[in-house]
Amino acid sequence: MAAGLTALREGLRIVPYYWGDTHGATLAAGGASLPAAPGGTSRGPAGPDPEEETAARWAALYADPYAELALAAAGATQGAERPPGTLPPDQAIRARLAALAAQGDEAAEELGPGLGHAATDLAAHHLLGPAAEALTPDDLAHLAARSLTARVIADALDRDAPLVPTGDSRDAVAERLAVALGAAPRGTERGVRSLMLRTAGSMASRAVLRRRRALTEAAHPAAADILRYLSRGEAVRTDLRELVAGLEPPVTLVGHSLGGIIALDTLITTPLPQVRLLVTAGSQGPFLYESGSLPSLEHPAPLPPHLPDWLNLYDPRDLLSYLGAGLFPGRVTDVRVDSRQPFPASHSAYWTNPEVYRHIVDRLP
């Protein structure tokens, strides 16, 4: 986050507050209460919006990065014979995948680690041969690139990675990988021109099953952190007040998710004149207030006059982001940012989205 802000405004002093190290919750038994993973490798109703359809298709690919490969293989002509002396149609793509694997993660570094491993696995996949029989080399390269991109992002979600790329970065990587795998350049695609058109809906249940443990492991610590904060939050608020007290004004507090709740609660309970702007991203503060769960303010009481300007950033696909302007008219500015990622990736994609930094810098005092 610091690099994103200082790139747009020189001279900013970024002071981190790692509240989770001291006040975060943990699973004391290492997740012993979580069910074992099953075997095997948006907000609102669905509609015709192409962006929503694209997010749904990528969500299906995150659930099973080899789904398109299986569909393509199923469409191959069974028992087709090749002329004598011709090479298997999958030989070229396997060689390019091996070369990509040898480069490690360099070709998709903005996605995080894992490309080399993903390319090695895909190069050895038994369905690559039948898929190559059914598709043109160009279409196979794009399919393989989407599979690699989805695999790296899915693995990041399984690790509960703190940062997930936006949809624009994802699509740019997929296009770049497709070219590396032999496709003709055709520009970054904002959709998934693919077999997923027929399968996104039917894969929804499999997505839940495959990711049940990963989502549970990611959600339980977060839920526990919130419950711990709601019951014993004074210590974390005290630490934040002490940190702010030692800073020169003007100060801007920026909080993501529970961090936004903590910042809001602290500013409501204690006037901190150094703070001139509150920024929340993907935060549940408004929801807690409306549901009567915000410790510092009970609905329908208004925000205190001393609360500074409040910029609330939300992603329409982030199911953990909420709106504040309807609850506090004239006191909150809700700004929509779109990572073009499905949930839960959308909840971790704020700090890889340049749009987020532009909105913050435009409001800095």
Side-chain angles (χ1 to χ4, degrees), residues 1-2 4-20 23 226 229-230 233-315 318 320-337 350-351 353-365:
M1 183 180 72
L5 290 173
T6 55
L8 298 176
R9 173 77 73 85
E10 293 183 358
L12 291 177
R13 182 187 176 202
I14 310 297
V15 181
Y17 176 37
Y18 298 115
W19 58 268
H23 304 287
I226 291 176
Y229 170 74
L230 293 178
E234 182 54 36
V236 67
R237 291 192 294 271
T238 297
D239 284 358
L240 180 56
R241 284 193 292 265
E242 292 177 356
L243 175 66
V244 171
L247 302 176
E248 293 293 327
V251 174
T252 295
L253 290 187
V254 182
H256 172 251
S257 196
L258 176 54
I261 298 172
I262 294 169
L264 174 63
D265 244 350
T266 303
L267 289 171
I268 289 175
T269 56
T270 307
L272 295 174
Q274 302 100 317
V275 179
R276 309 292 169 77
L277 176 66
L278 167 65
V279 179
T280 55
S283 191
Q284 304 83 48
F287 171 74
L288 292 180
Y289 167 77
E290 187 175 11
S291 64
S293 304
L294 190 68
S296 60
L297 195 67
E298 185 175 358
H299 186 275
L303 290 172
H306 65 256
L307 194 90
D309 289 343
W310 178 4
L311 173 63
N312 181 51
L313 302 169
Y314 72 97
D315 188 313
D318 176 12
L320 295 176
S321 64
Y322 293 88
L323 303 177
L327 298 169
F328 307 110
R331 302 297 307 277
V332 186
T333 301
D334 294 322
V335 174
R336 179 184 186 272
V337 294
Y350 289 94
W351 308 121
N353 189 346
E355 186 181 4
V356 167
Y357 297 107
R358 287 196 295 269
H359 285 300
I360 295 175
V361 169
D362 286 347
R363 294 291 297 271
L364 286 178

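With H359 contributing its side chain and P354 its backbone, the two residues share no donor-acceptor pair below 3.5 Å. No side-chain donor-acceptor contact under 3.5 Å links Y229 to the backbone of G259. Checking side-chain atoms of D334 against main-chain N and O of A325 turns up a donor-acceptor pair under 3.5 Å. Not a single donor-acceptor pair under 3.5 Å links the side chain of Y289 to the backbone N or O of S296. With hydrogens and angles disregarded, no donor-acceptor distance shorter than 3.5 Å links the side chain of T270 to the backbone of L267.
To the nearest 0.5 Å, the span separating CG on L313 from CG on D318 amounts to 11.0 Å. For the atom pair OG1 of T333 and CG of L311, the computed distance is 6.5 Å after rounding to the nearest 0.5 Å. To the nearest 0.5 angstrom, F328 atom CZ is 4.0 Å from L303 atom CG. Between the CD1 atom in I226 and the CG atom in L320 there is a gap of 7.5 Å [rounded to 0.5 Å]. Of the inter-residue distances, the one linking L288 atom CG with I261 atom CD1 reads 4.5 Å to the nearest 0.5 angstrom. Residue Q284 holds its CD atom at 10.5 Å from OG of S291, rounded to the nearest 0.5 Å.
Nearest heavy atoms, L323 versus P286: O-CB, 3.0 Å. In this structure, R276 and P249 approach most closely via the heavy-atom pair NH2-CB, 3.4 Å. Taking every heavy atom of both residues into account, H299 and E290 meet most closely at CD2-CA, 4.3 Å. Across L364 and R9, no two heavy atoms sit closer than the pair CB-NH2, 3.8 Å. Contact record, L278 with A263: CD1-CB, 3.7 Å, taken as the closest heavy-atom pair. Here the shortest heavy-atom pairing between A281 and Y350 reads CB-CD2, 4.0 Å.
By the 30° and 60° cut-offs, the orientation of the rings of F287 relative to Y322 is parallel.
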inquiry  = Could you walk me through whether N353 and D315 satisfy the side-chain contact (heavy atoms from CB on, under 4.5 Å) test, starting with their C-alpha distance in whole Å, then the side-chain angles of each, then the deciding distance to 0.1 Å, before giving a yes or no?
reply    = CA-CA 11 Å; N353 189 346; D315 188 313; 5.7 Å; no
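Between R13 and the options T6, V251, L247, a side chain to side chain contact (heavy atoms under 4.5 Å, CB included) holds for only L247.
Between L307 and L264, some side-chain heavy-atom pair lies under the 4.5 Å cut-off. Using a 4.5 Å cut-off on side-chain heavy atoms (C-beta onward), L277 and P250 make no contact. At a threshold of 4.5 Å between non-hydrogen side-chain atoms, the residues T266 and L253 do not count as touching.
By the salt bridge (charged side-chain N to carboxylate O under 4.0 Å, His left out) test, R331 pairs with no residue at all, sequence neighbours left out. Y17 is linked by a side-chain hydrogen bond (donor to acceptor under 3.5 Å, both in side chains) to nothing, counting only residues two or more places apart in sequence or in another chain. Residues passing the salt bridge (charged side-chain N to carboxylate O under 4.0 Å, His left out) test with E234, sequence neighbours excluded: R237, R241.
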